[in-house]
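Okay, so here's the structure we're looking at.
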Amino acid sequence: VDPEGQAAFDAIIDADGRIEPRDWMPDAYRRTLVRQISQHAHSEIIGMQPEANWITRAPSLRRKAILMAKVQDEAGHGLYLYSAAQTLGTSRDTMLNQLNTGKARYSSIFNYPTPTWADVGAIGWLVDGAAICNQVPLCRASYGPYARAMIRICKEESFHQRQGFEILLTLARGTGEQRAMAQDAVDRWYWPSLMMFGPPDGDSPNSARSMAWKIKRFSNDDLRARFVGMLVPQAEALGLSLPDPDLRYDDAAGRWITGEIDWTEFQEVLAGRGPMNAERLRRRNEAHDDGAWVREAAAEYARKQAMSDGG
Ligand code: 3HC
C-alpha cells in the first residue's frame, strides 16, 4: 500500500472530488470499477438485440427511424463505457472476450423476449426509465471518466424513455386489441425492470464499498422505490395498470412498497437460465464474427499509418 497515495485518494473521496485515471487508487477500487463499467457496457451492447428485433417490423417509418436512432444510441453508450473502463487498464479485447464467452455479467433485463411491438414501448418506458433512475446518480460517481460518460448517456436516455411512453400511450388510446397488447407488455416487463436495480440491500455484497467510495450514491432498494414512485402516476396517465396488487404507499416510510419480487427468477437469469440468455450470446458471437473484417481492415490501416508515420 502507498500511504501517501491512500491519503490523497481518501482526501479526494471525502471532498466529493473526482478520481482520474492517473491518480493513485486502491486495487479494489479499480477492480470494482472495471467490474461495474464493463458490465454496464455489455448491457448496452446486448440491450440492442431485443429492440433490433422490431426495426424491420416497426408499424411506421417514423417509429422505425426513432427505433434505429435508439439502438444506435445504445451502441454508442457501450462505446463510451468500454472506453471509460479501458482507462483503468483493461483492454477492449479482454472485455469483449469475457462477454462473448459468457463469463461476463450484463443486465438481467435483456434476457426477456420481445414478442409484440408493445414491448418496444414497455422497454422504453420501464427499462430506460429504470436505467435513468440508476444512471443519473452515476453522473456523480467518484471516478471521472465514468461520471462524464454518464452525463452524455443520461441525456440520450431521457429521449429513449419518452418515446417508449409515447408508444404505450398511442396503443392504450387505440383499439381494444392495441390496448390489451400494451397492458400485456407492461405485465411482462414490470417485475424484471424492478430487478434491474439489483438484489435487496441486505443481499448486495458490493453496495457498502461502492457507497463508501461514492461510486454508488443510493442503495438498490432506494432507487427501486424511487423508480416505482415515478411509475405510479405515469401508469395512471397511460390508463394502464401495474401488475402488482400489493403495491402500496407507506406514509411512515414515505415510499412505495411493491409486492414480493421473485428473487429466484433473478438468480436463474443471472445463472444464464433466463428465457433468452442463450439466444443473446449466440447473436452476440454471430455479430462479432460478422464484424471480423472491419477489425482486420482497421488494424491493417493502423499498421500502414504507423509505417508511413515512421517514415
Ligand atoms: N443483472 C445482472 N447482474 C446483476 C444485476 C442485474 N440486474 N443486479 C445486480 N447484479 C449482480 C452484480 O453485478 C453483482 O455481481 P458481481 O459482483 O459478479 O458483479 C451481484 O449481482 C450483486 O449485486 P450488487 O448489488 O452487490 O452489485 P452492484 O453494487 O454492482 O449493483 C447495479 C448492481 C445496481 C446494477 C450496479 O452494478 C450498477 O449501477 N451498474 C451500472 C448501471 C447498469 O449496469 N445498469 C443496467 C444497464 S441498463 C441499460 O443499459 C439500459 C439502457 O441503456 C437500455
Side-chain angles (χ1 to χ4, degrees), residues 28 31-52 67 70-82 84-85 98-99 103-112 114 120 122-141 143 146-147 149-150 152-161 163-164 189 191-224 226-227 261 263 265-272 274 277 280:
R31 270 198 311 277
T32 205
L33 281 168
V34 170
R35 171 190 67 85
Q36 175 163 333
I37 303 172
S38 62
Q39 288 172 185
H40 198 161
H42 297 330
S43 304
E44 302 284 2
I45 297 304
I46 298 291
M48 293 161 71
Q49 290 189 34
E51 297 170 311
L67 185 54
K70 179 177 188 306
V71 172
Q72 280 170 339
D73 282 350
E74 313 297 7
H77 296 174
L79 197 60
Y80 307 149
L81 290 164
Y82 283 130
Q98 286 165 346
L99 175 62
K103 290 196 196 73
R105 288 197 194 289
Y106 58 86
S107 188
S108 50
I109 192 71
F110 297 122
N111 290 307
Y112 291 84
T114 49
V120 177
I123 287 177
W125 181 48
L126 293 171
V127 175
D128 291 274
I132 288 173
C133 275
N134 163 283
Q135 291 173 167
V136 166
L138 288 170
C139 294
R140 293 188 297 116
Y143 188 58
Y146 193 28
M150 276 298 115
R152 170 77 183 272
I153 286 174
C154 285
K155 287 194 173 71
E156 292 169 343
E157 214 70 273
S158 44
F159 142 65
H160 297 173
Q161 195 265 356
Q163 64 85 38
W189 288 92
W191 294 104
S193 67
L194 299 185
M195 297 176 201
M196 281 174 70
F197 292 92
D201 294 347
D203 297 331
S204 170
N206 296 293
S207 280
R209 269 198 330 186
S210 285
M211 292 183 85
W213 282 329
K214 298 183 183 173
I215 297 166
K216 185 180 272 192
R217 292 286 181 164
F218 300 97
S219 80
N220 297 356
D221 289 332
D222 284 352
L223 289 181
R224 202 181 341 261
R226 178 180 302 176
F227 172 58
I261 296 174
W263 293 110
E265 175 182 326
F266 176 72
Q267 291 306 338
E268 278 298 292
V269 175
L270 262 63
N277 295 57
R280 298 298 180 232

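Note that ligands are numbered from 1 as they come in the structure, with each ligand's atoms numbered from 1 the same way. Worth knowing before you read on, the calculation uses all heavy atoms, side chains too, and leaves out hydrogens, waters and symmetry mates.
- For ligand 1, none of its N or O atoms has an N or O atom of D203 under 3.5 Å away.
- Checking only distances, R105 does come within under 3.5 Å of ligand 1, N or O to N or O.
- Q49 meets the side-chain hydrogen bond (donor to acceptor under 3.5 Å, both in side chains) test with no other residue; sequence neighbours excluded.
- Residue-level proximity to ligand 1 for P199 is carried by the side chain, the only part with a heavy atom below 4.0 angstrom.
- Nearest non-hydrogen protein atom to atom 2 (C) of ligand 1 is Y106 O, 3.4 Å.
- Between F197 and F227, the two ring planes are tilted [angle within 30° to 60°].
- Residue D128 touches ligand 1 through its side chain alone, judged by heavy-atom distances below 4.0 Å.
- Contact annotation for N134 and ligand 1: only side-chain heavy atoms (C-beta onward) come within less than 4.0 Å of the ligand.
- Considering backbone and side-chain atoms together, R35 places an N or O closer than 3.5 Å to an N or O of ligand 1.
- Considering backbone and side-chain N/O atoms, K70 never comes within less than 3.5 Å of an N/O atom of ligand 1.
- Within the 4.0 Å cut-off (strictly below), a protein heavy atom is located near atom 54 (C) of ligand 1.
- Less than 6.0 angstrom separates the ring centroid of H42 from the ring centroid of Y82.
- Note: F266 and W263 have perpendicular aromatic rings, judged against thresholds of 30 and 60 degrees for the angle between ring planes.
- Comparing S219, G129, S108 by heavy-atom distance to atom 7 (N) of ligand 1, the nearest is S108.
- The shortest N or O to N or O distance between E44 and ligand 1 is below 3.5 Å.
- Remark: ligand 1 and N220 share an N or O pair separated by less than 3.5 Å (distance only, no angle test).
- Contact analysis leaves F218 out of contact with ligand 1, as no non-hydrogen atom separation drops below 4.0 angstrom.
- Of the polar atoms of S43, none of the N or O atoms is found under 3.5 Å from an N or O of ligand 1, judged by distance alone.
- Closest of all the heavy-atom pairs between F110 and S43 is CE1-O, 3.2 Å.
- Under 4.0 Å from ligand 1, not a single heavy atom of H160 appears.
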